[in-house]
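One structure below.
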Amino acid sequence: MTEAELREQMASLAHSLFIRGYSSGGGGNISCHLPDGGFLVTPTNSSFGALDAQRLSKLDEQGEWVAGDKPSKEAIMPRAFYKQRPQTGGVVHLYSPSVTALSCLPGLDAANCLPPITPYYVKHVGAVAMVPYFRPGDPALTEGIGALAPRHNAMLLANHGPVVSGGSLREAVFNAEELEDTARLYFTLLPHGMVTLTPEQIHELAVTFKRPAQEKSTCCQKSDRVLFTAIFISTFM
């Protein structure tokens, strides 16, 4: 797609997310990778419901603002994906209610915050890792997201919300919707208990659809937590 087409698609998809309650006010941001290596991102204090395709913020490959309105302070998040996960075509950061509520729960598995409830969640989202809390726009988010991006296309920012990528902007939006729907299912089922997919079923999905198997995330759990601890200490101590 050309840059002009990507701009129109970005405004259209953002509006769709807004009217369906995935974003409100000026919260969240949406981004797409450009053919020249740069990327577009929503401007600061903009609403998903009223984006002007011609005024979207344009940044170069180094994350420098080159055109359009002033970019969101959270433009560091999509850049971390584009740098560390080269196949990324789009990134969506939302404050969607169910996933944001999930990000505030205690005792989550930092390597995989949601159980494998449906094949669609496993196939499209995979294992969702937790990034420890940093204030919005904190440069340390780049390190936390960048460290996980090679293995995860979706992450949960503690007490903040989800950030989700895809091979294209359209795919990133669909993945973010799947994650929100799965979190809503999780809260619905939680009082009753739930039957999740078995490791064998997850492996079959991974083989069939050429996606990383969700159960593999457990082998990264200890290293991820060590990494998160190191980031926390270097930032706050």
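A quick note: this is a predicted structure, and the numbers were derived from the prediction, not measured. Numbering of residues begins at 1 and proceeds along the displayed sequence.
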(message) Quick test of your reading: applying ring pair (Phe, Tyr, Trp, His ring centres under 6.0 Å), list the pairs with at least one residue in residues 84-113, sequence neighbours left out, ordered by first then second residue.
(response)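 Checked against ring pair (Phe, Tyr, Trp, His ring centres under 6.0 Å) - neighbours excluded - the pairs reaching residues 84-113 are His93-Tyr95, His93-His160, Tyr95-His160.
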(request) Sequence neighbours left out, what pairs pass ring pair (Phe, Tyr, Trp, His ring centres under 6.0 Å) with at least one residue falling in residues 168-190? (result)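 Residue pairs passing ring pair (Phe, Tyr, Trp, His ring centres under 6.0 Å), neighbours aside: none found.
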Excluding sequence neighbours, so at least two apart, what forms side chain to side chain contact (heavy atoms under 4.5 Å, CB included) with [X]?
X: Lys83; answer: none
X: Ala14; answer: Ile30, Phe48, Leu51
X: Glu8; answer: Ala53, Gln54
X: Ser103; answer: Thr100, Leu156

Mind listing the closest non-hydrogen atom pair of [X] and [Y] along with its distance?
X: Phe18; Y: Gly25; value: CE1-N, 4.0 Å
X: Pro97; Y: Gly21; value: CD-O, 3.8 Å
X: His124; Y: Asn153; value: O-ND2, 3.5 Å
X: Ala172; Y: Gly166; value: CB-N, 3.6 Å
X: Leu94; Y: Ala176; value: CD1-CB, 3.9 Å
X: Gly146; Y: Pro150; value: O-CD, 3.3 Å

(request) Take Glu3 and Lys58, measure what salt bridge (Lys or Arg N to Asp or Glu O under 4.0 Å) needs, and give me the verdict at the end. (result) CA-CA 10 Å; Glu3 180 177 328; Lys58 183 176 181 179; 3.0 Å; yes
(request) For Tyr120, check ring pair (Phe, Tyr, Trp, His ring centres under 6.0 Å) against everything at least two apart and list the hits. (result)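 Expected list: none.
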From [X] atom [atom1] to [Y] atom [atom2], the distance as rounded to the nearest 0.5 Å:
X: Ser12; Y: Leu17; atom1: OG; atom2: CG; result: 9.5 Å
X: Lys70; Y: Ser46; atom1: NZ; atom2: OG; result: 12.5 Å
X: Thr208; Y: His203; atom1: OG1; atom2: NE2; result: 9.0 Å
X: Arg79; Y: Leu141; atom1: CZ; atom2: CG; result: 14.0 Å
X: Ser165; Y: Arg85; atom1: OG; atom2: CZ; result: 5.0 Å
X: Met10; Y: Thr42; atom1: CE; atom2: OG1; result: 5.5 Å

Can you tell if the side chain of [X] reaches within under 4.5 Å of the side chain of [Y], non-hydrogen atoms only?
X: Pro43; Y: Ser72; result: no
X: Pro35; Y: Leu6; result: yes
X: Leu59; Y: Val41; result: yes

Is it true that [X] and [Y] fall in one hydrophobic cluster, defined by side-chain heavy atoms closer than 4.5 Å?
X: Leu40; Y: Ile76; value: no
X: Val125; Y: Leu13; value: no
X: Val128; Y: Val122; value: yes
X: Leu157; Y: Val91; value: yes
X: Val92; Y: Phe39; value: no

(request) Scan residues 12-23 for pairs that pass salt bridge (charged side-chain N to carboxylate O under 4.0 Å, His left out), counting only residues two or more places apart or in two chains. (result)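 Listed by first then second residue: Arg20-Glu177.
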(request) Could you give me the CA-CA distance, side-chain angles and deciding distance for Met194 and Ile117, then say whether side-chain contact (heavy atoms from CB on, under 4.5 Å) is met? (result) CA-CA 8 Å; Met194 65 193 79; Ile117 300 173; 4.1 Å; yes
(message) Quick check on side-chain contact (heavy atoms from CB on, under 4.5 Å): which of Asp109, Leu108, Leu148 does Met130 satisfy it with?
(response)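 Exactly one option meets the side-chain contact (heavy atoms from CB on, under 4.5 Å) with Met130, and it is Leu108.
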(request) Just jot down the salt bridge (Lys or Arg N to Asp or Glu O under 4.0 Å) partners of Arg170, sequence neighbours excluded, or say none. (result)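 In terms of salt bridge (Lys or Arg N to Asp or Glu O under 4.0 Å), with neighbours along the sequence ignored, Arg170 is linked to no residue.
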(request) Check salt bridge (Lys or Arg N to Asp or Glu O under 4.0 Å) between Arg55 and all other residues, then give those that pass, not counting sequence neighbours. (result)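 Salt bridge (Lys or Arg N to Asp or Glu O under 4.0 Å) list for Arg55, sorted by chain: Asp69.
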For [Y], does its backbone N or O pair with a side-chain atom of [X] as donor and acceptor, under 3.5 Å?
X: Thr2; Y: Glu5; result: yes
X: Glu180; Y: Val99; result: yes
X: Gln84; Y: Phe81; result: no

(message) Restricting to side-chain hydrogen bond (donor to acceptor under 3.5 Å, both in side chains), what partner residues turn up for Thr142, sequence neighbours left out?
(response)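 In terms of side-chain hydrogen bond (donor to acceptor under 3.5 Å, both in side chains), with neighbours along the sequence ignored, Thr142 is linked to no residue.
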(request) Assess whether atom CD of Glu204 is packed by more than 12 heavy atoms of other residues, nucleotides or ligands within 6.0 Å. (result)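 12 or below, so no.
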(request) Write out all pairs satisfying side-chain hydrogen bond (donor to acceptor under 3.5 Å, both in side chains) with one or both partners inside residues 29-38, taking only residues at least two apart or from two chains. (result)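 Checked against side-chain hydrogen bond (donor to acceptor under 3.5 Å, both in side chains) - neighbours excluded - the pairs reaching residues 29-38 are Asn29-Glu74, Ser31-Tyr82.
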